[in-house]
Visitor: 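So that we are looking at the same thing, I have put the structure below in structure tokens.
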Amino acid sequence: MEYVIHLLILIGIYGILGLSLNLVVGFTGLLSVTHAAFYGIGAYATAILLTTSGMNFFLAMFLGAIICGVLSLLIGLVLSKFKDDYYALGSFGFNIIVFSIFLNWQSLTRGPLGIPGIARPSIFGYSLSDNMPFLILTAVVLGLVYLLCRAITNSSFGRVLKAIREDEQAIQTFGYNTIYFKLTIFVIGAVLASLAGSLFASYITFIDPSTFTLNESIFILAIIILGGLANNRGAVLGAVVLILLPEVLRFVGFPSDIAAQMRQVIYGLILVLLMLYRPQGLLGEYKL
Amino acid sequence: MITLETKNLVKKFDGVHAVNHLSLSFEQCKITSVIGPNGSGKSTFINTLTGLHEIDGGSVFIGKHADITSIKPHEIGAYGMTRTFQEVRLFEQVTVLDNILVVLTERGVWGSLFENHTQYHLDQAEAVLKRVGLWEKRNELATGLSYGQRKLLEIARAISMPAEIFFFDEPFAGLFPEMIKVVVSVMQELRTKGKTVLLVEHNMDLIRQLSDYVFVLDSGKLLAEGTPDKVLSEKAVVEAYLGE
């Protein structure tokens, strides 16, 4: 049962990451591969605040979201100079920069040693040290993030995001200063990713830079491409599939000496087949 | 009354003049056509007026005083201008209805975050889509429309704007006769409502039928101007444009 709860918590955290990245990539068409950086900023901010000041988890999560919001605004301002492939490369660069900071600013982050002993949240004196109450907290945050994303994407703002994705210059000629829309959604996406980071840090109680690499950004991107770009339910479904698929393959009876490699091969093969036969993803409304 | 005026407008690409010192004026309640052979600078002229290309020289005025020489694309709506494009530029993976609603709703970030379309917006969208015969297609993605329907949707999107000056860049290209009738009536209605219409078009029959005044461009320069009958009978125009 603990194993299932663990998987569900991970699905919740990656669901939040998928939903938040989908706002930027799926709805706005900005191919960002820097999402793990914001996930990490949220995780590190929460971890540092909890371990140094002992403040309440939710306050640390809130402050982490503000820090992430400010940093993402600065990064977004730089990225707004780029378009298309150059945007992806620029965001790629920022992920590497942030990862390097996690790794090398040892006085703050303890570098490769990571930060251990991160406290679990407590609500009115009741500590969520067991995984079941933590799962409920994760589910509540996921639900709130989902509702927020749905409200954003169903609003006139969401309609403008889709128009920017389709033809930014054309929508500008109808009176929209698109840079403000792109910056706003980039910051919203980053802030929501930081919430996932806060949950992750508190859940695992230890973080180090290896979680927030470029690979992680690509994994989050794979979640939304597989689940379906520009579809909020698709982002969550993508997280379900990509978290559960490797676990399901554990139960396929491969010989023990090649089991790990075979799982990776089949995992990759399923992704390739899905992209071949369902390029818009499982529930997608938009093709890159 | 003159609503839009250019003075010595210049646009160059790699040193070559695409628009060469053009001083043209466009009047209210009139359809003014800009014609010329391919590459004569017609679309570039519209693109410079609507901020898609930076202007290399000269100036542009709206009314008597508003200098819009350095205008940005997102500012043209505030000056009462709207446009279509030579190559149709729709929001492809978006529904037909949303292609119109996005033009009708709130422009600001915060306002649009807390707004969805209202019944008023829907009524407006319904009226304009019915005008061009696309209401039945409202829930389809724009990318699934035929070429002619895409042209009509782009025109519907432009006329959804509360604008005074309308730029139409080859709106009749690729349309069936029934569709052409719709677009002709749209333009005539705009003129009747006192709007300023700038039309770039190759179909000379439609130019004769619709235009109150015509400018002829060749290699970015003004070759001739006047009423359609006068201009289209000038020898220089026939030679340059019709190759006769």
Side-chain angles (χ1 to χ4, degrees), chain A residues 22-23 25-29 73 76 80 83 147-189 191-192 228-231 234 279-281 283-288, chain B residues 46-47 49-53 71-85 87-95 97-118 121 125 141-143 153-154 157-163 166-167 169:
Chain A
N22 209 12
L23 293 174
V25 179
F27 287 95
T28 319
L73 180 64
S80 67
K83 284 188 186 302
L147 291 175
L148 179 67
C149 291
R150 199 176 67 169
I152 289 171
T153 53
N154 285 343
S155 69
S156 296
F157 181 89
R159 197 183 295 117
V160 179
L161 296 184
K162 289 184 200 169
I164 290 171
R165 178 190 73 196
E166 296 300 316
D167 191 332
E168 184 175 354
Q169 199 175 50
I171 190 63
Q172 284 176 339
T173 64
F174 293 100
Y176 287 99
N177 195 349
T178 54
I179 189 166
Y180 295 134
F181 285 83
K182 291 196 294 184
L183 269 180
T184 303
I185 203 61
F186 191 75
V187 171
I188 290 173
V191 166
L192 296 180
L229 289 167
N231 185 303
Q280 71 272 44
L283 299 177
E285 296 171 9
Y286 162 65
K287 281 188 276 187
L288 274 175
Chain B
I46 291 183
N47 288 341
L49 296 185
T50 53
L52 268 63
H53 296 326
I71 199 165
K72 299 280 185 290
H74 68 266
E75 295 168 337
I76 69 168
Y79 285 97
M81 296 192 285
T82 187
R83 64 168 295 168
T84 66
F85 297 88
E87 299 293 331
V88 181
R89 290 173 70 170
L90 296 172
F91 309 123
E92 298 286 347
Q93 296 185 62
V94 171
T95 65
L97 181 61
D98 276 349
N99 264 273
I100 300 298
L101 285 174
V102 76
V103 176
L104 297 171
T105 48
E106 170 67 37
R107 296 294 191 276
V109 168
W110 295 111
S112 64
L113 259 173
F114 298 103
E115 177 212 67
N116 200 337
H117 59 269
T118 61
H121 295 135
L141 295 182
T143 193
L153 179 57
E154 198 187 36
R157 191 177 64 180
I159 63 174
S160 297
M161 280 285 282
F166 293 78
F167 299 95
D169 197 348

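These values consider heavy atoms only, across backbone and side chains, with no hydrogens, waters or symmetry-generated copies. This one's a predicted model, so the numbers in the text were calculated from it and none came from an experiment. Order of the sequence lines fixes the chain letters, A, B, ..., with proteins taken first and strands second; residue numbering starts at 1 for each chain.
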Visitor: If you measure from CH2 on Trp110(B) to CZ on Phe157(A), what distance do you get to the nearest 0.5 Å?
Guide: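 Reported value, rounded in 0.5 Å steps: 8.0 Å.
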Visitor: Do any N or O atoms from the side chain of Ser112(B) and from the backbone of Ser156(A) form a donor-acceptor pair under 3.5 angstrom?
Guide: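 Not confirmed, Ser112(B) side chain does not pair with Ser156(A) backbone.
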Visitor: Got a second to check how far Asn116(B)'s CG is from Arg159(A)'s CZ, nearest 0.5 Å?
Guide: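 The distance works out to 5.5 Å.
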Visitor: To the nearest 0.5 angstrom, please state how far the CD atom of Glu166(A) sits from the CG atom of Asp98(B).
Guide: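 So the gap between those two atoms works out to 11.0 Å.
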Visitor: If you draw a 6.0 Å radius around OH in Tyr79(B), do more than 12 non-hydrogen atoms from other residues or ligands fall strictly inside?
Guide: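 No - once you tally the heavy atoms of other residues, nucleotides and ligands closer than 6.0 Å, there are 12 at most.
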Visitor: Pick one of side chain, backbone, both or neither for Thr173(A), based on which atoms fall under 4.5 Å of a heavy atom in chain B.
Guide: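 It is both, since atoms from each part get that close.
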Visitor: Tell me, side chain or backbone of Ile171(A) under 4.5 Å from chain B's heavy atoms, or both, or neither?
Guide: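 Both parts, backbone and side chain.
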Visitor: May I ask you to check whether Gln93(B) and Arg165(A) show a side-chain donor-acceptor distance below 3.5 Å?
Guide: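 No donor-acceptor contact under 3.5 Å links the two side chains.
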Visitor: Under a 4.5 Å heavy-atom cutoff, which of Asn99(B), Thr143(B), Val94(B) has the most pairs with chain A?
Guide: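 Ranked by heavy-atom pairs under 4.5 Å with chain A, first place is Val94(B).
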Visitor: Taking all non-hydrogen atoms of both residues, which atom of Phe91(B) and which atom of Ala163(A) are closest, and how far apart?
Guide: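 Closest heavy-atom pair between Phe91(B) and Ala163(A): CD2-O, 3.6 Å.
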Visitor: For Glu92(B), is it the side chain, the backbone, both, or neither that has a heavy atom closer than 4.5 Å to a heavy atom of chain A?
Guide: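 Both backbone and side chain.
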Visitor: Just verifying a value: how many Å separate Ser155(A) OG and His117(B) NE2, rounded to the nearest 0.5 Å?
Guide: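 That separation rounds to 11.5 Å.
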Visitor: So which part of Ile76(B) gets closer than 4.5 Å to some heavy atom of chain A, the side chain, the backbone, both or neither?
Guide: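 Only the side chain of Ile76(B) comes within 4.5 Å of chain A.
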Visitor: With no hydrogens and no angle check, is any side-chain donor or acceptor of Asn177(A) less than 3.5 Å from a backbone partner on His74(B)?
Guide: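 No, Asn177(A) side chain to His74(B) backbone: no donor-acceptor pair under 3.5 Å.
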Visitor: Is Glu75(B) reaching over with its side chain to a backbone N or O of Gly175(A), donor-acceptor style, under 3.5 angstrom?
Guide: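 Here the side-chain-to-backbone pair does not exist.
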Visitor: Counting N and O atoms only, with roles assigned by atom type, does the side chain of Tyr176(A) sit under 3.5 Å from a partner on the main chain of Val103(B), one being a donor and the other an acceptor?
Guide: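 Pair absent, no side-chain N/O of Tyr176(A) close to backbone of Val103(B).
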Visitor: Has the side chain of Arg157(B) got a donor or acceptor atom that lies under 3.5 Å from a matching backbone atom of Phe174(A)?
Guide: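 Such a contact is absent between Arg157(B) side chain and Phe174(A) backbone.
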Visitor: Quick one, Gln172(A) with Lys72(B), criterion side-chain contact (heavy atoms from CB on, under 4.5 Å). Give me CA distance, side-chain angles, the key distance, then yes/no.
Guide: CA-CA 9 Å; Gln172(A) 284 176 339; Lys72(B) 299 280 185 290; over 6 Å; no
Visitor: Compare all side-chain heavy atoms of Leu113(B) with those of Ile152(A) and state whether any distance is below 4.5 angstrom.
Guide: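 Touching, per the 4.5 Å side-chain cut-off.
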